[in-house]
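Taking it in order: structure first as structure tokens, then the write-up.
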Amino acid sequence: MQDKKIIAIYGKGGIGKSSTASNIAAACADEGYKVMIIGCDPKSDSSINLLGGKRIPTILGLLKEEKDIEEKDIVFNGYNGVKCVEVGGPEPGIGCAGRGIIVAIQKLKEVSKVHKDMDLIIYDVPGDIVCGGFVAPIKKGFVNEAYVLTSGEYMPLYAANNICRGLSKINTELSGVICNSRSVTREKEIVNKFATQLKSEMLAFIPKEQLVQDCERDGFSVIEKEPRSQIAAIYRELGNKIMSTKKSSIPVALEDEELRELIR
């Protein structure tokens, strides 16, 4: 019997976490898995491409309004039955994003049991600032696998490396590195070496294609709008790897000079 996969995808803001997460969700739903995506970014856009461009209410937003929340208020059906939830974020300058995630997930579990029926739950988590908040889903036992998304550019690699340093401090294993390409010279080689030095592996190299942006502008995943495209096939392969992978290890973060040497 397939074990339930509850994963977190981390990465620098703007690197394409939400796009990648939504395409993985759609690809796995097409394979017959029951999938839920939980957006933990204050932008609350993790599920937008699974809902035809529609934004949904956030749990923290409804809590702020002191509304009596029911399942139908926060869990929405997206593409091919993917369950979509958005945590939202605290007011700027007030509160802690990590604490907000904990409160929101506790509320979700209080009003809904739908997560218990899922084969795959994806947490889309921001990772620019590696404070205690970014590991909230892991430390509270919400997540059992972690993945990091990067490109071959220095700053996304730096952020990914910091995330891995944070994971190692809380003795949490990394299940793989995903490269969302920015068409950098030697990019595939760089990210593959980066993953190897972390004691992990690169699970997918997602090429930079305008098709992804075109689909997102219309509010759709590539899987839904361009299912026969080459990049859709890459997302499907990545989804299959995530659902079947058993390997993971505590990441060994690079020193800054090692990271710079890697991209030279």
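Given the structure is predicted, the values throughout are model-derived calculations rather than measurements.
Using a 4.5 Å cut-off on side-chain heavy atoms (C-beta onward), Met36 and Leu120 make no contact. In this structure the side chain of Ile38 never reaches within 4.5 angstrom of the side chain of Phe142, judged on heavy atoms. Two residues are said to be in side-chain contact when any heavy atoms from C-beta on lie closer than 4.5 Å; Leu198 and Asn161 meet this criterion. Put simply, the side chain of Ser229 reaches to within 4.5 Å of the side chain of Val222, judged on heavy atoms. Looking at heavy atoms from C-beta onward, Leu50 lies in side-chain contact with Ile37 at the 4.5 angstrom threshold. Using a 4.5 Å cut-off on side-chain heavy atoms (C-beta onward), Ile6 and Glu145 make no contact. A 4.5 Å side-chain heavy-atom check between Asn49 and Tyr79 finds every atom pair outside the cut-off.
Residues Ala27 and Arg236 come closest through the heavy atom pair CB-CA, 3.9 Å. Between Asn77 and Lys83, the closest heavy-atom pair is OD1-NZ, 2.5 Å. Contact between Ile263 and Arg186 at its shortest, heavy atoms only, is O-NH1, 3.8 Å. Nearest heavy atoms, Ala29 versus Val82: CB-CG2, 3.7 Å. Listed here is the closest heavy atom pair of Gly16 and Asn180: CA-ND2, 3.8 Å.
The hydrophobic clustering, which links ILVMFWY residues whose side-chain heavy atoms are closer than 4.5 Å, places Val252 and Leu174 apart. By the rule that hydrophobic residues join a cluster once side-chain heavy atoms approach within less than 4.5 Å of another member, Ile250 and Leu254 end up as members of separate clusters. Connection of Ile163 to Tyr154 is established within a shared hydrophobic cluster, with ILVMFWY side chains joined at heavy-atom distances below 4.5 Å, either directly or through further cluster members. Both Ile59 and Val111 sit in one connected hydrophobic cluster of ILVMFWY residues. Membership requires side-chain heavy atoms under 4.5 Å apart, directly or through other members. In the hydrophobic clustering of this structure, Phe220 does not group with Ile231; members are Ile, Leu, Val, Met, Phe, Trp, Tyr whose side-chain heavy atoms approach within less than 4.5 Å, directly or through other members.
Here the CE-CD1 distance, from Met155 to Ile15, works out to 11.0 Å after rounding to the nearest 0.5 Å. If you take OG1 on Thr20 and CD1 on Ile234, they are separated by 11.5 Å, rounding to the nearest 0.5 Å. Atom CD1 in Ile190 sits 10.0 Å away from atom CD in Glu153 (nearest 0.5 Å). Here the CG atom belonging to Asn80 is positioned 11.0 Å from the SG atom belonging to Cys28, to the nearest 0.5 angstrom. From Glu189, atom CD reaches atom CZ of Phe194 across 15.0 Å, with rounding to the nearest 0.5 Å. Rounding to the nearest 0.5 angstrom, the gap separating the CD1 atom in Ile121 from the CD1 atom in Ile7 is 10.5 Å.
No more than 12 heavy-atom neighbours from other residues, nucleotides or ligands sit within 6.0 angstrom of NZ on Lys199. Other residues, nucleotides and ligands contribute more than 12 heavy atoms inside 6.0 Å of the CD atom of Glu258. Within 6.0 Å of the CZ atom in Arg264, the count of heavy atoms belonging to other residues, nucleotides or ligands exceeds 12. Residue Lys225 qualifies as enclosed at atom NZ: its count of foreign heavy atoms under 6.0 Å is above 12. More than 12 heavy atoms of other shown residues, nucleotides or ligands fall within 6.0 angstrom of atom CD in Glu65. Atom NZ of Lys109 has more than 12 heavy atoms from other residues, nucleotides or ligands within 6.0 Å.
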(request) Step by step, work out the side chain to side chain contact (heavy atoms under 4.5 Å, CB included) result for Ile48 and Lys54. (result) CA-CA 6 Å; Ile48 197 166; Lys54 176 187 174 185; 5.9 Å; no

(message) Checking Leu157 against Leu259 for the side chain to side chain contact (heavy atoms under 4.5 Å, CB included) test, could you report, in this order, the C-alpha distance in whole Å, the side-chain angles of both residues, the deciding distance, and whether it holds?
(response) CA-CA 8 Å; Leu157 284 168; Leu259 197 60; 4.2 Å; yes

(message) Could you walk me through whether Lys12 and Thr150 satisfy the side chain to side chain contact (heavy atoms under 4.5 Å, CB included) test, starting with their C-alpha distance in whole Å, then the side-chain angles of each, then the deciding distance to 0.1 Å, before giving a yes or no?
(response) CA-CA 7 Å; Lys12 184 182 184 301; Thr150 186; over 6 Å; no

(message) Go through it in stages, so that I can follow the logic: the residues are Ile178 and Val148, the test is side chain to side chain contact (heavy atoms under 4.5 Å, CB included), and I'd like the CA-CA distance, side-chain angles, deciding distance and then a yes or no.
(response) CA-CA 6 Å; Ile178 303 164; Val148 68; over 6 Å; no

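Lys5 and Asn144 share no side-chain donor-acceptor pair at under 3.5 Å. Residues Glu86 and Ser44 have side chains that never bring a donor and an acceptor to within less than 3.5 angstrom of each other. Donor-acceptor pairing under 3.5 Å is recorded for the side chains of Ser181 and Glu187. Between the side chains of Asp256 and Tyr158, no donor-acceptor pair of N or O atoms lies under 3.5 Å. Checked by atom type, the side-chain pair Asp124/Ser18 shows a donor-acceptor distance below 3.5 Å. Between the side chains of Glu237 and Tyr235, no donor N or O sits under 3.5 Å from an acceptor N or O.
For the side-chain hydrogen bond (donor to acceptor under 3.5 Å, both in side chains) criterion with Glu216, the lone passing option out of Ser221, Ser19, Ser22 is Ser19.
Of the possible donor and acceptor atoms, none in the side chain of Lys67 sits under 3.5 Å from a partner among the backbone N and O of Leu63. With hydrogens and angles disregarded, no donor-acceptor distance shorter than 3.5 Å links the side chain of Asp119 to the backbone of Tyr33.
Chaining together hydrophobic side chains whose heavy atoms lie under 4.5 Å apart places Ile56 alongside Leu51, Phe76.
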Name every donor-acceptor pair, under 3.5 Å, that has one atom in a side chain of residues 201-211 and the other anywhere in the protein, sequence neighbours excluded.
| residue | atom | partner | partner atom | Å |
| --- | --- | --- | --- | --- |
| Gln210 | NE2 | Asp214 | OD1 | 3.0 |

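Electrostatic pairing of Glu70 and Lys107 does not count as a salt bridge here, judged by no charged N lying under 4.0 Å from a carboxylate O.
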